[in-house]
S.K.: 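For reference, the structure I am asking about is given below.
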Amino acid sequence: MTAIAPAMSRAEGFARPYVVSWNLTYRCNLACEHCYLDAGAAPQVGTENFADRSELGTEECFKVIDEIAAFAPECVTILTGGEPLLRRDILEIVKRASERGLWVVVGTNGVKITENVAKRLAEAGARGLSLSLDALDPDRHDGFRKVRGAWTNTVAGAAILNRTGLPFIVQTTAGSHNLGELEAIADFAYERLAAKVWNLYFLVPTGRGQFVSDMNPAQYDEVLSALHHIQKKYAKRMLVNAKCAPHYIKTVLENGDAGSRIRIYSGGAGGCPAGTHYMGIRPNGDVTPCPYLPVFAGSLRNASLSELWNSSELFTGIRQRTSLGGRCGECEMNGHCGGCRARAFGMTGDLMSEDPLCTHTPGRFAGAPLLVMRGPAFAQTPGGTAIEYGRETATTIAWDDAAAERMKKIPMFVRGMVIRAVEESCRNNGLDRVTIEQLERIRARMPTPKMFS
Ligand code: SF4
Ligand code: SF4
């Protein structure tokens with residue numbers, strides 16, 4: 001029998017990021033209208049926070065990887081761009097990060113995926129990729145991405161990944177170009193691309209996104225309702241997530257889904273994870289609480305990650321949900337939502353102002369059971385309705401060696417949650433030991449793809 005001890009002894013709650021999104025380059029083979037980084041050969045944003053387009057060199061990247069691995073072991077590290085596959089050293093960077101124990105996901109537009117590239121990325125240690133698909137009609141997707149053939153190459157990329165066994169996520173950005181066909185895109189992702197995860201992103205008005213943001217608050221609510229329907233339709237088949245939409249909790253409550261599971265994080269900040277569990281790194285090493293937020297705590301060229309995460313005014317300030325302005329400050333859901341800080345900044349210039357695209361009137365859901373949290377570290381909601389990330393857990397019943405070994409394939413920030421769920425399932429079935437067979441039975445009931453299995 002093997003005990004699975006929590007890997008970290010640090011105090012829980014904002015101790016480290018669970019996800020780091022790292023823009024490795026401004027270079028790109030597409031020129032998407034909404035690019036939050038203003039990547040590519042023809043930048044359009046003239047403000048100071050987009051001015052430095054230098055990139056860390058290979059050795060500097062290695063140093064950053066080592067710092068992430070030391071400060072946030074097994075952190076999910078998204079290597080993106082621009083187009084990260086345009087970096088000649090991308091395989092070296094993936095390999096170094098993987099060797100240091102980080103969970104590497106490569107965020108690509110998919111255009112450059114070939115069998116050889118997929119194979120070499122997998123060999124270097126990438127756990128998976130994310131691909132972008134914005135419309136069913138190739139011309140509309142290409143028009144949005146500004147390169148003819150982008151749709152065809154991305155769809156071909158998905159087929160290659162399926163053949164090579166490298167898991168992938170499909171990402172769609174909602175906007176006027178696709179509002180009428182979101183469900184059809186989800187169907188396409190599941191049926192044609194065999195995706196296990198479909199993420200719907202909501203445009204944030206930053207980078208070139210500031211010139212094309214085209215949804216009003218009522219349309220935003222309609223999209224969240226449509227997403228809720230799609231999520232239910234694909235329950236247990238494909239994970240469907242709302243991204244950059246922390247007030248999705250409002251849609252869940254409006255639909256009276258008392259049995260829904262919501263996501264919370266240890267430390268007391270659900271919804272927007274910027275600066276509490278998430279951070280971004282720009283190509284030049286500047287550190288931000290969220291890649292969509294062009295506000296920086298400092299540069300990894302001359303400051304340490306731990307210093308910026310623990311002590312910078314930006315990171316400590318953004319965690320203060322009680323300091324939020326307007327409706328977000330008064331809101332009964334600010335612990336579960338907090339509004340999108342990047343959207344607030346993009347639309348008002350004030351990082352802590354209310355999220356202008358939210359239609360909620362504070363107080364409407366006061367006392368809703370789904371919102372009640374217990375315990376010092378944001379523990380369980382009544383009826384076990386919360387999926388709590390980040391809280392580490394020691395085992396309380398016996399685990400076979402093989403079952404304990406399998407747990408190491410799960411990112412650390414979800415491992416505690418999985419251990420709790422597995423042990424609860426065993427107890428409910430009268431079992432006092434976790435075996436590999438039991439794990440496989442539980443796994444078979446979940447749609448989670450291999451990269452997060
Ligand atoms: S008012 Fe702010 S905290 Fe409340 S639901 Fe809307 S965005 Fe979220
Ligand atoms: S500020 Fe929060 S909700 Fe907005 S894009 Fe960043 S992480 Fe997502």
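In each ligand, atom 1 is the first atom listed, and ligand 1 is the first ligand listed.
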S.K.: Whether the Glu354 and His360 side chains hold a donor-acceptor pair (N or O, under 3.5 Å, no angle test) is what I'd like checked.
M.R.: no
S.K.: Taking only heavy atoms of Tyr278, which atoms of ligand 2 are found under 4.0 Å from at least one of them?
M.R.: 7 (S)
S.K.: Under 4.0 Å from a heavy atom of Asp355: give me the atoms of ligand 1 that qualify, with their elements.
M.R.: 7 (S)
S.K.: Among all the protein's non-hydrogen atoms, which is closest to atom 2 (Fe) of ligand 2, and how far away is it?
M.R.: Cys272 SG, 2.3 Å
S.K.: So is Met333 touching ligand 1 or not, going by heavy atoms under 4.0 Å?
M.R.: yes
S.K.: Hey, is the main chain of Pro43 close enough, under 3.5 Å, to the side chain of Asp38 for a donor-acceptor pair?
M.R.: no
S.K.: Would you mind telling me if ligand 1 is within reach of the side chain of Cys328, the backbone, both or neither, using heavy atoms under 4.0 Å?
M.R.: both
S.K.: Once you round to the nearest 0.5 Å, how far does CG of Leu357 lie from CZ of Arg343?
M.R.: 5.0 Å
S.K.: Atom CG in Asn49, atom CG in Leu293: separation rounded to 0.5 Å?
M.R.: 9.5 Å
S.K.: Any atoms of ligand 2 less than 4.0 Å from a non-hydrogen atom of Cys290? List them with their elements.
M.R.: 1 (S), 5 (S), 6 (Fe), 7 (S)
S.K.: Give the atom numbers and elements of ligand 1 that come within less than 4.0 Å of a heavy atom of Gly338.
M.R.: 3 (S)
S.K.: Could you check atom 6 (Fe) of ligand 1 against the protein and tell me its nearest heavy-atom contact, residue, atom and distance included?
M.R.: Cys358 SG, 2.3 Å
S.K.: Atom 4 (Fe) of ligand 1: which protein heavy atom is closest, and how many Å away?
M.R.: Cys331 SG, 2.4 Å
S.K.: Is the distance from atom 8 (Fe) of ligand 1 to the nearest N/O/S atom of His247 under 2.8 Å?
M.R.: no
S.K.: Parallel, tilted or perpendicular: which fits the ring planes of His34 and Phe144, with parallel below 30° and perpendicular above 60°?
M.R.: parallel
S.K.: Can any side-chain N or O of Asp52 pair as donor or acceptor with the backbone N or O of Ser54 at less than 3.5 Å?
M.R.: yes
S.K.: At a 4.0 Å threshold, what atoms of ligand 2 neighbour a non-hydrogen atom of Cys340?
M.R.: 1 (S), 3 (S), 4 (Fe), 5 (S)
S.K.: Report the relative orientation of the aromatic rings in Tyr18 and His277; use parallel for angles under 30°, tilted for 30 to 60°, perpendicular for over 60°.
M.R.: parallel
S.K.: Any idea which atoms of ligand 2 are less than 4.0 Å away from a heavy-atom of Tyr292?
M.R.: 5 (S)
S.K.: Determine whether more than 12 heavy atoms belonging to other residues, nucleotides or ligands lie under 6.0 Å from atom CZ of Arg192.
M.R.: no
S.K.: To the nearest 0.1 Å, how far is atom 7 (S) of ligand 2 from its closest protein heavy atom, and which atom is that?
M.R.: Pro273 CD, 3.5 Å
S.K.: Please compare Ala242, Cys244, Ala274 and report which has the shortest non-hydrogen distance to atom 8 (Fe) of ligand 2.
M.R.: Cys244
S.K.: Should you measure from each heavy atom of Ala342, which atoms of ligand 2 turn up under 4.0 Å away?
M.R.: 1 (S)
S.K.: Please tell me whether Glu83 and Thr108 have a donor and an acceptor in their side chains that are separated by less than 3.5 angstrom.
M.R.: yes
S.K.: May I ask which of Pro246, Pro291, Gly346 has a heavy atom nearer to atom 3 (S) of ligand 2 than the others do?
M.R.: Pro246
S.K.: Using 0.5 Å steps for rounding, measure from the OG1 atom of Thr359 to the CZ atom of Arg364.
M.R.: 8.0 Å
